[in-house]
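On a predicted model such as this, the values are computed, not experimentally measured, just so you know.
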Amino acid sequence: MNEKIGLIAGSGQFPVLFSKAALKNGFSVYTVAYLNEADQELTRLSEKIQWLHLGQVKRLIKFFKQNGVNRAVMLGAVRKTRLFTDVKPDMKAISIIAGMRNTHDDAIMRAFADSLEKEHIKIEPSTFLLPELLATKGVWTNRKPSQSEKKDIAMGFSVAKEIGRLDIGQSVVVGGGSILAVEAIDGTDATIQRGGQLGKGEAVLVKVCKPNQDFRFDVPSVGVKTIETMSQYDVGVLAIEADRTVVFDRLEMIRAANENNIAIICE
């Protein structure tokens, strides 16, 4: 009998990639998928699947317990703007929120993960079946950052770590020694747009782990879409952290960066 693994799935390809890797490694996948977020392909890849609204924590726990699931992962994005418009919190969710000192992103996710572990559902690191997705150190592209871009990268890392410490976001756009945009609830793509429009061809994107990053969830990720958005808004460099960033479609991403004269550096 296959070992069981639970999947709490938001949007994007990460939950699908995980499900395929889990099946390949002999796991049976039991999925809780968020409505209006998760990919319908998860139905095919799952032994059983339960579609829920954000906030339905009691039903999530019941689903895992009824199916004998005592390990799970939390993967995929949830549009943060939906947290104000499309949530149906049950009493379990309300009790979690009520016991918190603040309701920043990581605080909510950590409290949620901790509450599941109290129910004997261990939350595994998001990459435990897909370590090959973690970024490796080096310059990945034909173009290397210029000296001025390297200075902006250094500033970006310092500022991004600080906004991460404050649990505001993971990304900043820097140009000419100035902070052009800081990621907030609107996400990385919107940050690229705001910063690129101000940078007018002289901008770099820096995306980092938070200093107190919980690797059970919300690990920084980049992919082809990141490069496409950077190209659209004329942001010329992407700087990320080695072993602390998830990279999707790496070869396609590098190819797109080379085609658009974008540098990718992993430090």
Side-chain angles (χ1 to χ4, degrees), residues 77 105-106 126-127 131-215 218-267:
D105 293 350
D106 273 13
S126 59
T127 57
E132 66 274 15
L133 293 182
L134 289 172
T136 53
K137 190 172 183 178
V139 177
W140 296 1
T141 48
N142 296 333
R143 184 170 92 77
K144 298 180 180 180
S146 66
Q147 288 302 313
S148 62
E149 288 171 335
K150 287 180 180 178
K151 291 179 181 179
D152 286 341
I153 289 169
M155 172 183 281
F157 268 102
S158 176
V159 173
K161 285 294 183 182
E162 184 62 18
I163 68 165
R165 184 185 67 80
L166 296 170
D167 201 9
I168 295 171
Q170 298 173 325
S171 305
V172 296
V173 177
V174 187
S178 296
I179 302 300
L180 303 176
V182 173
E183 182 184 358
I185 198 169
D186 53 354
T188 303
D189 286 349
T191 307
I192 295 170
Q193 178 180 350
R194 288 186 281 111
Q197 288 172 337
L198 291 171
K200 298 180 179 178
E202 296 184 7
V204 306
L205 170 67
V206 178
K207 188 163 189 174
V208 304
C209 260
K210 297 171 183 177
N212 58 345
Q213 184 75 46
D214 190 326
F215 283 86
D218 201 27
V219 178
S221 63
V222 294
V224 176
K225 180 64 163 55
T226 310
I227 299 300
E228 290 174 349
T229 306
M230 290 173 63
S231 176
Q232 182 179 355
Y233 294 103
D234 212 7
V235 176
V237 180
L238 170 63
I240 56 177
E241 288 185 289
D243 302 317
R244 297 169 68 84
T245 308
V246 172
V247 182
F248 298 114
D249 304 313
R250 186 179 315 217
L251 294 179
E252 186 180 348
M253 178 183 172
I254 294 170
R255 183 166 55 249
N258 285 331
E259 288 174 354
N260 290 281
N261 199 36
I262 292 171
I264 303 175
I265 183 168
C266 183
E267 299 185 343

Review point. Could Arg255 and Glu252 be called an ion pair, given the rule that one side-chain N must be under 4.0 Å from one carboxylate O?
Key: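 Between Glu252 and Arg255 there is no salt bridge, as every charged N stays at least 4.0 Å from the carboxylate O atoms.
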
Practice item. Would you indicate whether the side-chain heavy atoms of Thr245 and Val222 approach each other to under 4.5 Å? Key: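 Contact flag for Val222/Thr245 side chains = yes.
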
**Study point:** Side-chain donor or acceptor of Asn142 paired with backbone N/O of Asn258 under 3.5 Å
**Key:**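 Checked: no pair found.
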
Exercise for review: Check each of Asp167, Ile163, Leu166 against Lys210 using the side chain to side chain contact (heavy atoms under 4.5 Å, CB included) test, and report the only one that passes.
Suggested key: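 Exactly one candidate clears the test, Asp167.
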
Point to revise | Glu241 atom CD: more than 12 heavy-atom contacts under 6.0 Å | key: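 Atom CD in Glu241 is crowded, with more than 12 foreign heavy atoms closer than 6.0 Å.
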
Check your understanding: Got a second to check how far Asp234's CG is from Ile192's CD1, nearest 0.5 Å?
Key ->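 Rounded to the nearest 0.5 Å, the CG-CD1 separation comes to 12.5 Å.
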
Check your understanding: Quick check: does any side chain N or O of Ser231 sit under 3.5 Å from a backbone N or O of Glu228, one acting as donor and the other as acceptor?
Key ->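 Here the side-chain-to-backbone pair does not exist.
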
Review point. So, the side chain of Arg165 versus the backbone of Pro211: is there a donor-acceptor pair under 3.5 Å, distance only?
Key: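 Flag not set: sc Arg165 to bb Pro211 has no pair under 3.5 Å.
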
Practice item. Give a yes-or-no answer on whether the side chains of Thr191 and Glu183 include a donor-acceptor pair shorter than 3.5 Å. Key: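 The answer is no; no qualifying pair exists.
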
Check your understanding: Has the side chain of Arg244 got a donor or acceptor atom that lies under 3.5 Å from a matching backbone atom of Ala135?
Key ->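 No: the side chain of Arg244 does not pair with the backbone of Ala135.
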
Check your understanding: Is there side-chain contact between Ile153 and Val237, with heavy atoms separated by less than 4.5 Å?
Key ->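 Ile153 reaches Val237 side chain to side chain.
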
Point to revise | Note, Pro220 side chain near Gln213 side chain (heavy atom, < 4.5 Å) | key: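 Yes, their side chains come closer than 4.5 Å.
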
Point to revise | Derivation and outcome, side chain to side chain contact (heavy atoms under 4.5 Å, CB included), residues Phe248 and Leu133 | key: CA-CA 7 Å; Phe248 298 114; Leu133 293 182; 4.0 Å; yes

Practice item. Would you name the heavy atoms of Met155 and Ser178 that are closest together and state the gap between them? Key: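 That would be SD-N, 4.2 Å.
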
Check your understanding: Looking only at heavy atoms, what is the nearest atom pair of Ala242 and Lys137, with distance?
Key ->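 Of all heavy-atom pairs spanning Ala242 and Lys137, the closest is CB-N, 3.8 Å.
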
Review point. Are any non-hydrogen side-chain atoms of Thr127 and Phe215 less than 4.5 angstrom apart?
Key: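 No, every pair of side-chain atoms sits at 4.5 Å or beyond.
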
**Study point:** Candidate pair Thr226 and Leu205, rule side chain to side chain contact (heavy atoms under 4.5 Å, CB included), full reasoning
**Key:** CA-CA 10 Å; Thr226 310; Leu205 170 67; 4.0 Å; yes

**Study point:** Test item: Thr136 and Arg250 side chains (from C-beta on) under 4.5 Å apart, heavy atoms
**Key:**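 The answer is yes; the side chains approach within 4.5 Å.
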
Check your understanding: Is a side-chain donor or acceptor of Arg194 paired with a backbone partner of Val182 at a separation under 3.5 angstrom?
Key ->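 Flag set: sc Arg194 to bb Val182 pair under 3.5 Å.
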
Review point. Can you tell me how far the CD1 atom of Ile227 sits from the CG atom of Asn260, to the nearest 0.5 Å?
Key: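 The CD1 atom of Ile227 sits 8.5 Å away from the CG atom of Asn260.
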
Exercise for review: Calculate, to the nearest 0.5 Å, the distance between atoms CD and CG belonging to Gln193 and Leu198 respectively.
Suggested key: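 Between atom CD of Gln193 and atom CG of Leu198 there are 10.5 Å.
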
**Study point:** Spacing of Lys144 atom NZ and Glu149 atom CD [to the nearest 0.5 Å]
**Key:**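 The NZ atom of Lys144 sits 13.5 Å away from the CD atom of Glu149.
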
Check your understanding: Nearest 0.5 Å, what's the NZ-OG1 distance between Lys207 and Thr188?
Key ->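 Those atoms lie 3.0 Å apart.
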
Review point. So which heavy atom on Ser126 is nearest to which on Val219, and how close?
Key: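 Answer, listing the atom of Ser126 first, then Val219: OG-CG2, 3.5 Å.
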
Review point. Would you call Thr141 and Val139 a side-chain contact if the rule is heavy atoms closer than 4.5 Å?
Key: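 In short, these two side chains touch, coming nearer than 4.5 Å.
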
Practice item. Give, for atom CD1 of Ile254 and atom CG of Asp249, the distance between the pair rounded to the nearest 0.5 Å. Key: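 Atom-to-atom, Ile254:CD1 and Asp249:CG are 11.0 Å apart.
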
Review point. Around atom NZ of Lys161, are there more than 12 heavy atoms of other residues, nucleotides or ligands at under 6.0 Å?
Key: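 Yes.
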
